[in-house]
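Naming convention: chains lettered A, B, ... in sequence-line order (proteins, then strands); numbering from 1 in each chain. Side chains are part of it too, since the values below use all heavy atoms of this structure and drop only hydrogens, waters and symmetry mates.
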Protein chains: 2
Amino acid sequence: MRELGSSQPTAVELEILRILWELGPSPVRDIHVRLAEAKGTNYSTTVKMLSVMLTKGLVKRDDQSTPLVYRAAMTRERTAKKFLSELIEKVYDGSAMSLVLQALASGKASQAEIAEARKLLDEMEGKS
Amino acid sequence: MRELGSSQPTAVELEILRILWELGPSPVRDIHVRLAEAKGTNYSTTVKMLSVMLTKGLVKRDDQSTPLVYRAAMTRERTAKKFLSELIEKVYDGSAMSLVLQALASGKASQAEIAEARKLLDEMEGKS
DNA sequence: TTGCGTTAGCGAAAGGTTTCGCTATACTGC
DNA sequence: GCAGTATAGCGAAACCTTTCGCTAACGCAA
(Lines give C-alpha, C1' and ligand atoms only; values in the text may rest on other atoms or scores of the structure.)
Protein backbone atom coordinates (compact mmCIF):
# COMPACT_ATOMS: atom_id res chain seq x y z
CA MET A 1 0.00 0.00 0.00
CA ARG A 2 1.24 3.38 -1.02
CA GLU A 3 1.39 5.85 1.80
CA LEU A 4 -1.26 8.49 1.27
CA GLY A 5 0.02 11.56 -0.52
CA SER A 6 3.59 10.40 -0.29
CA SER A 7 4.35 9.91 -3.96
CA GLN A 8 5.81 12.45 -6.31
CA PRO A 9 4.07 12.76 -9.64
CA THR A 10 5.70 10.76 -12.42
CA ALA A 11 6.80 12.26 -15.72
CA VAL A 12 3.50 12.21 -17.57
CA GLU A 13 1.57 13.11 -14.46
CA LEU A 14 3.72 16.18 -14.06
CA GLU A 15 3.14 17.10 -17.66
CA ILE A 16 -0.60 16.95 -17.09
CA LEU A 17 -0.35 18.93 -13.88
CA ARG A 18 1.54 21.65 -15.66
CA ILE A 19 -1.18 21.83 -18.30
CA LEU A 20 -3.76 22.17 -15.56
CA TRP A 21 -1.74 24.88 -13.84
CA GLU A 22 -1.64 26.78 -17.11
CA LEU A 23 -5.21 26.29 -18.21
CA GLY A 24 -6.95 26.08 -14.89
CA PRO A 25 -9.78 23.55 -14.37
CA SER A 26 -10.44 21.90 -17.73
CA PRO A 27 -12.37 19.11 -19.43
CA VAL A 28 -10.41 16.09 -20.65
CA ARG A 29 -10.60 17.23 -24.23
CA ASP A 30 -8.65 20.43 -23.60
CA ILE A 31 -6.05 18.62 -21.53
CA HIS A 32 -5.75 16.01 -24.22
CA VAL A 33 -5.20 18.53 -27.00
CA ARG A 34 -2.23 19.96 -25.14
CA LEU A 35 -0.81 16.60 -24.13
CA ALA A 36 -1.14 15.17 -27.63
CA GLU A 37 0.59 18.23 -28.99
CA ALA A 38 3.62 17.38 -26.87
CA LYS A 39 3.54 13.61 -27.05
CA GLY A 40 1.22 12.43 -29.78
CA THR A 41 -0.67 10.12 -27.45
CA ASN A 42 -4.19 8.83 -27.65
CA TYR A 43 -7.33 10.30 -26.10
CA SER A 44 -7.79 7.08 -24.10
CA THR A 45 -4.37 7.57 -22.60
CA THR A 46 -5.25 11.01 -21.34
CA VAL A 47 -8.50 9.73 -19.83
CA LYS A 48 -6.68 6.86 -18.15
CA MET A 49 -3.90 9.00 -16.76
CA LEU A 50 -6.45 11.37 -15.29
CA SER A 51 -8.28 8.48 -13.71
CA VAL A 52 -5.02 7.18 -12.24
CA MET A 53 -4.18 10.63 -10.97
CA LEU A 54 -7.64 10.95 -9.48
CA THR A 55 -7.07 7.72 -7.55
CA LYS A 56 -3.71 9.00 -6.34
CA GLY A 57 -5.25 12.27 -5.31
CA LEU A 58 -3.13 14.33 -7.68
CA VAL A 59 -6.17 15.85 -9.37
CA LYS A 60 -9.78 16.45 -8.37
CA ARG A 61 -12.80 16.60 -10.58
CA ASP A 62 -16.19 18.18 -10.68
CA ASP A 63 -18.66 15.38 -11.29
CA GLN A 64 -21.51 17.81 -11.62
CA SER A 65 -20.42 19.50 -14.78
CA THR A 66 -20.43 17.63 -18.05
CA PRO A 67 -18.06 17.02 -19.59
CA LEU A 68 -16.21 16.31 -16.35
CA VAL A 69 -13.85 19.04 -15.30
CA TYR A 70 -10.48 18.23 -13.76
CA ARG A 71 -8.22 20.45 -11.72
CA ALA A 72 -4.85 20.06 -10.03
CA ALA A 73 -5.16 19.05 -6.39
CA MET A 74 -2.03 20.98 -5.45
CA THR A 75 -0.70 24.32 -6.47
CA ARG A 76 2.40 24.58 -8.57
CA GLU A 77 4.21 26.13 -5.62
CA ARG A 78 3.37 23.36 -3.21
CA THR A 79 4.35 20.71 -5.72
CA ALA A 80 7.69 22.40 -6.35
CA LYS A 81 8.25 22.58 -2.62
CA LYS A 82 7.66 18.86 -2.28
CA PHE A 83 10.06 18.14 -5.10
CA LEU A 84 12.62 20.34 -3.49
CA SER A 85 12.23 18.70 -0.12
CA GLU A 86 12.77 15.35 -1.71
CA LEU A 87 15.77 16.57 -3.67
CA ILE A 88 17.25 18.10 -0.56
CA GLU A 89 16.59 14.96 1.40
CA LYS A 90 17.87 12.53 -1.19
CA VAL A 91 20.81 14.39 -2.62
CA TYR A 92 21.91 16.71 0.13
CA ASP A 93 20.78 14.85 3.19
CA GLY A 94 18.68 17.67 4.50
CA SER A 95 20.60 20.86 4.07
CA ALA A 96 18.33 23.14 2.10
CA MET A 97 20.86 25.85 1.76
CA SER A 98 23.30 23.76 -0.23
CA LEU A 99 20.66 23.49 -2.86
CA VAL A 100 19.80 27.13 -2.82
CA LEU A 101 23.44 27.96 -3.27
CA GLN A 102 23.49 25.69 -6.29
CA ALA A 103 20.50 27.39 -7.80
CA LEU A 104 21.94 30.81 -7.17
CA ALA A 105 25.28 29.75 -8.55
CA SER A 106 23.60 28.67 -11.77
CA GLY A 107 23.74 32.38 -12.37
CA LYS A 108 20.43 33.11 -13.97
CA ALA A 109 19.30 35.65 -11.43
CA SER A 110 18.68 39.25 -12.38
CA GLN A 111 19.36 42.24 -10.11
CA ALA A 112 15.70 42.41 -9.24
CA GLU A 113 15.60 38.75 -8.33
CA ILE A 114 18.69 39.07 -6.19
CA ALA A 115 17.07 41.96 -4.36
CA GLU A 116 13.97 39.87 -3.82
CA ALA A 117 16.00 37.00 -2.43
CA ARG A 118 17.80 39.35 -0.07
CA LYS A 119 14.52 40.67 1.21
CA LEU A 120 13.40 37.15 1.91
CA LEU A 121 16.61 36.42 3.77
CA ASP A 122 15.94 39.42 5.97
CA GLU A 123 12.51 38.12 6.80
CA MET A 124 13.85 34.68 7.61
CA GLU A 125 16.50 36.03 9.87
CA GLY A 126 13.90 37.99 11.73
CA LYS A 127 11.79 34.92 12.37
CA SER A 128 14.41 32.39 13.43
CA MET B 1 16.49 3.72 -27.39
CA ARG B 2 17.12 6.01 -24.48
CA GLU B 3 18.89 9.22 -25.37
CA LEU B 4 22.42 9.15 -24.07
CA GLY B 5 22.81 10.79 -20.69
CA SER B 6 19.33 12.24 -20.78
CA SER B 7 17.73 10.30 -17.94
CA GLN B 8 17.55 11.34 -14.34
CA PRO B 9 18.54 8.67 -11.85
CA THR B 10 15.61 6.77 -10.40
CA ALA B 11 14.93 6.42 -6.68
CA VAL B 12 17.25 3.53 -5.90
CA GLU B 13 19.88 4.79 -8.27
CA LEU B 14 19.91 8.08 -6.44
CA GLU B 15 20.25 6.29 -3.14
CA ILE B 16 23.31 4.48 -4.44
CA LEU B 17 24.79 7.65 -5.86
CA ARG B 18 24.39 9.32 -2.51
CA ILE B 19 26.26 6.47 -0.85
CA LEU B 20 29.04 6.84 -3.41
CA TRP B 21 29.20 10.58 -2.82
CA GLU B 22 29.58 9.95 0.88
CA LEU B 23 32.02 7.08 0.76
CA GLY B 24 33.93 7.90 -2.38
CA PRO B 25 34.90 5.09 -4.79
CA SER B 26 33.93 1.80 -3.16
CA PRO B 27 33.65 -1.92 -3.74
CA VAL B 28 30.17 -3.41 -4.05
CA ARG B 29 30.34 -4.84 -0.56
CA ASP B 30 30.62 -1.44 1.11
CA ILE B 31 27.87 0.03 -1.02
CA HIS B 32 25.70 -2.93 -0.25
CA VAL B 33 26.16 -2.64 3.50
CA ARG B 34 24.88 0.91 3.41
CA LEU B 35 22.04 0.19 1.02
CA ALA B 36 20.87 -2.85 2.96
CA GLU B 37 20.92 -0.78 6.12
CA ALA B 38 18.38 1.56 4.57
CA LYS B 39 16.31 -0.91 2.60
CA GLY B 40 17.04 -4.46 3.65
CA THR B 41 17.70 -5.59 0.12
CA ASN B 42 19.80 -8.42 -1.17
CA TYR B 43 23.46 -8.37 -2.23
CA SER B 44 22.40 -9.49 -5.72
CA THR B 45 20.17 -6.47 -5.98
CA THR B 46 23.03 -4.12 -5.27
CA VAL B 47 25.22 -5.83 -7.85
CA LYS B 48 22.45 -5.66 -10.43
CA MET B 49 21.64 -2.04 -9.79
CA LEU B 50 25.28 -1.14 -10.18
CA SER B 51 25.45 -3.02 -13.44
CA VAL B 52 22.35 -1.22 -14.70
CA MET B 53 23.81 2.09 -13.61
CA LEU B 54 27.06 1.26 -15.35
CA THR B 55 25.16 0.68 -18.58
CA LYS B 56 23.36 3.97 -18.17
CA GLY B 57 26.61 5.73 -17.47
CA LEU B 58 25.59 6.83 -13.99
CA VAL B 59 28.61 5.14 -12.39
CA LYS B 60 32.04 4.11 -13.59
CA ARG B 61 34.19 1.30 -12.36
CA ASP B 62 37.81 0.39 -12.07
CA ASP B 63 38.16 -3.04 -13.66
CA GLN B 64 41.79 -3.28 -12.62
CA SER B 65 41.26 -3.45 -8.92
CA THR B 66 39.67 -6.47 -7.31
CA PRO B 67 37.13 -6.45 -5.92
CA LEU B 68 35.80 -4.03 -8.56
CA VAL B 69 35.56 -0.44 -7.40
CA TYR B 70 32.64 1.78 -8.40
CA ARG B 71 32.42 5.53 -8.35
CA ALA B 72 29.75 8.09 -9.23
CA ALA B 73 30.08 9.38 -12.79
CA MET B 74 28.79 12.81 -11.78
CA THR B 75 29.38 14.99 -8.78
CA ARG B 76 26.62 15.63 -6.32
CA GLU B 77 26.55 19.26 -7.41
CA ARG B 78 26.15 18.52 -11.06
CA THR B 79 23.42 16.00 -10.39
CA ALA B 80 21.53 18.44 -8.22
CA LYS B 81 21.85 21.05 -10.90
CA LYS B 82 20.36 18.68 -13.47
CA PHE B 83 17.47 17.91 -11.18
CA LEU B 84 16.92 21.56 -10.64
CA SER B 85 17.00 22.34 -14.32
CA GLU B 86 14.44 19.70 -14.93
CA LEU B 87 12.26 20.89 -12.09
CA ILE B 88 12.50 24.44 -13.30
CA GLU B 89 11.72 23.37 -16.83
CA LYS B 90 8.85 21.04 -15.97
CA VAL B 91 7.17 22.92 -13.18
CA TYR B 92 8.13 26.53 -13.61
CA ASP B 93 8.70 26.73 -17.31
CA GLY B 94 12.14 28.23 -16.95
CA SER B 95 12.27 30.76 -14.14
CA ALA B 96 15.02 29.68 -11.77
CA MET B 97 14.46 32.31 -9.16
CA SER B 98 10.89 31.29 -8.45
CA LEU B 99 12.31 28.02 -7.36
CA VAL B 100 15.04 29.50 -5.22
CA LEU B 101 12.49 31.61 -3.45
CA GLN B 102 10.51 28.49 -2.76
CA ALA B 103 13.53 26.81 -1.32
CA LEU B 104 14.29 29.72 0.91
CA ALA B 105 10.70 29.92 1.99
CA SER B 106 10.79 26.28 3.01
CA GLY B 107 12.45 27.73 6.08
CA LYS B 108 14.96 25.10 6.98
CA ALA B 109 17.93 27.42 6.84
CA SER B 110 19.99 28.18 9.91
CA GLN B 111 21.40 31.59 10.75
CA ALA B 112 24.77 30.52 9.42
CA GLU B 113 23.26 29.36 6.17
CA ILE B 114 21.35 32.57 5.74
CA ALA B 115 24.57 34.49 6.23
CA GLU B 116 26.24 32.35 3.64
CA ALA B 117 23.48 32.93 1.14
CA ARG B 118 23.66 36.65 1.72
CA LYS B 119 27.36 36.62 1.07
CA LEU B 120 26.73 34.81 -2.18
CA LEU B 121 24.11 37.34 -3.17
CA ASP B 122 26.65 40.11 -2.60
CA GLU B 123 29.10 38.39 -4.87
CA MET B 124 26.52 37.88 -7.57
CA GLU B 125 25.44 41.47 -7.44
CA GLY B 126 29.03 42.54 -7.87
CA LYS B 127 29.41 40.43 -10.97
CA SER B 128 26.22 41.19 -12.82
C1' DT C 1 43.41 -30.04 -3.51
C1' DT C 2 39.34 -29.62 -1.52
C1' DG C 3 35.92 -27.07 0.62
C1' DC C 4 34.02 -22.51 1.98
C1' DG C 5 33.02 -17.87 1.80
C1' DT C 6 33.07 -13.91 -1.33
C1' DT C 7 32.46 -11.73 -5.72
C1' DA C 8 30.23 -11.25 -10.23
C1' DG C 9 26.65 -11.87 -13.67
C1' DC C 10 22.33 -13.16 -15.82
C1' DG C 11 17.60 -14.16 -16.58
C1' DA C 12 13.38 -13.74 -15.07
C1' DA C 13 9.81 -12.51 -11.53
C1' DA C 14 7.49 -8.73 -9.28
C1' DG C 15 5.88 -4.26 -9.24
C1' DG C 16 4.96 0.33 -11.13
C1' DT C 17 3.85 3.46 -15.24
C1' DT C 18 2.11 4.48 -19.71
C1' DT C 19 -0.29 3.16 -23.68
C1' DC C 20 -4.13 1.70 -26.19
C1' DG C 21 -8.26 -1.20 -28.00
C1' DC C 22 -12.73 -2.16 -27.12
C1' DT C 23 -17.13 -1.10 -25.20
C1' DA C 24 -20.82 1.62 -23.24
C1' DT C 25 -23.14 5.70 -22.67
C1' DA C 26 -24.47 10.48 -23.60
C1' DC C 27 -25.12 14.29 -26.71
C1' DT C 28 -26.31 16.58 -31.30
C1' DG C 29 -28.27 17.53 -35.68
C1' DC C 30 -31.22 15.74 -38.91
C1' DG D 1 -36.12 8.39 -33.25
C1' DC D 2 -31.65 7.54 -35.55
C1' DA D 3 -26.93 8.05 -37.09
C1' DG D 4 -22.89 9.93 -36.15
C1' DT D 5 -19.73 12.00 -32.91
C1' DA D 6 -17.76 12.92 -28.30
C1' DT D 7 -17.09 11.29 -23.60
C1' DA D 8 -15.97 7.83 -20.04
C1' DG D 9 -14.17 3.53 -18.27
C1' DC D 10 -11.77 -0.84 -18.05
C1' DG D 11 -8.59 -4.50 -18.83
C1' DA D 12 -4.61 -5.78 -20.64
C1' DA D 13 -0.35 -5.03 -23.42
C1' DA D 14 4.09 -2.81 -23.48
C1' DC D 15 7.59 -0.91 -21.11
C1' DC D 16 10.66 0.35 -17.26
C1' DT D 17 12.52 -0.38 -12.53
C1' DT D 18 13.66 -3.18 -8.73
C1' DT D 19 14.24 -7.54 -6.73
C1' DC D 20 16.09 -11.99 -6.29
C1' DG D 21 17.52 -17.04 -7.27
C1' DC D 22 20.77 -19.60 -9.40
C1' DT D 23 25.27 -20.36 -11.20
C1' DA D 24 30.08 -19.61 -12.17
C1' DA D 25 34.54 -18.18 -10.89
C1' DC D 26 37.81 -16.71 -7.65
C1' DG D 27 40.76 -16.66 -3.34
C1' DC D 28 42.09 -18.55 0.83
C1' DA D 29 42.87 -21.71 4.68
C1' DA D 30 43.20 -26.28 6.36
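Proximity of B/Ser44 to the phosphate of C/dG9: no side-chain N or O atom is located under 4.0 Å from OP1 or OP2. Contact between the side-chain N/O atoms of B/Arg29 and the OP1/OP2 oxygens of C/dT6 is not found at any separation under 4.0 Å. Phosphate contact (OP1/OP2 of C/dT18, side-chain N/O of A/Thr10, threshold under 4.0 Å): present. Contact check, A/Arg61 against D/dG9: a side-chain N or O comes under 4.0 Å of OP1 or OP2. At C/dT18, none of the side-chain N or O atoms of A/Lys39 fall inside 4.0 Å of OP1 or OP2 (strictly under the cut-off). Neither OP1 nor OP2 of C/dT18 sits under 4.0 Å from any side-chain N or O of A/Thr45. At D/dT17, one or more side-chain N or O atoms of B/Lys56 fall inside 4.0 Å of OP1 or OP2 (strictly under the cut-off).
Straight-line distance from the CD atom of B/Glu13 to the C1' atom of C/dG16: 15 Å, rounded to whole Å. If you measure from atom NE2 of A/His32 to atom P of C/dT18, you get 17 Å, rounded to the nearest angstrom. If you take OH of A/Tyr70 and C1' of D/dG9, they are 9 Å apart, rounded to a whole angstrom. The nearest whole Å value for the distance from the OH atom in A/Tyr43 to the P atom in D/dT7 is 5 Å. Rounded to whole angstrom, the span from the CG atom of B/Asn42 across to the P atom of C/dT7 amounts to 14 Å. In this structure, A/Leu54 atom CG and D/dC10 atom C1' are separated by 15 Å, rounded to whole Å. Put simply, CE on A/Met53 is 16 Å from C1' on C/dG16, counting in whole angstrom units. Whole-Å rounding puts the B/Leu14 CG to D/dT17 C1' distance at 14 Å.
Ionic pairing of A/Glu86 and A/Lys82 is not present here: no N-O contact between side-chain nitrogen and carboxylate oxygen is shorter than 4.0 angstrom.
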Begin with the C-alpha distance, continue with both residues' side-chain angles, and end with the deciding distance and a verdict on side-chain contact (heavy atoms from CB on, under 4.5 Å) for A/Leu68 and A/Val28.
CA-CA 7 Å; A/Leu68 304 177; A/Val28 180; 5.5 Å; no
What verdict does the side-chain contact (heavy atoms from CB on, under 4.5 Å) test give for B/Trp21 and B/Thr79, after you've listed the backbone C-alpha separation in whole Å, the side-chain angles of each residue and the deciding distance to 0.1 Å?
CA-CA 11 Å; B/Trp21 289 325; B/Thr79 303; 3.3 Å; yes
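When each of A/Ser65 and A/Lys48 is assigned the nucleotide of DNA chain D bearing its nearest heavy atom, the one mapping closer to the 5' terminus is A/Ser65.
Residue contacts for A/Val12: at a heavy-atom cut-off of 4.0 Å it reaches the sugar-phosphate backbone alone, with no base atom in range.
Between the CD1 atom in A/Ile31 and the CZ atom in A/Arg71 there is a gap of 12.0 Å [rounded to 0.5 Å].
The closest side-chain heavy-atom distance from A/Met53 to A/Leu17 is below 4.5 Å.
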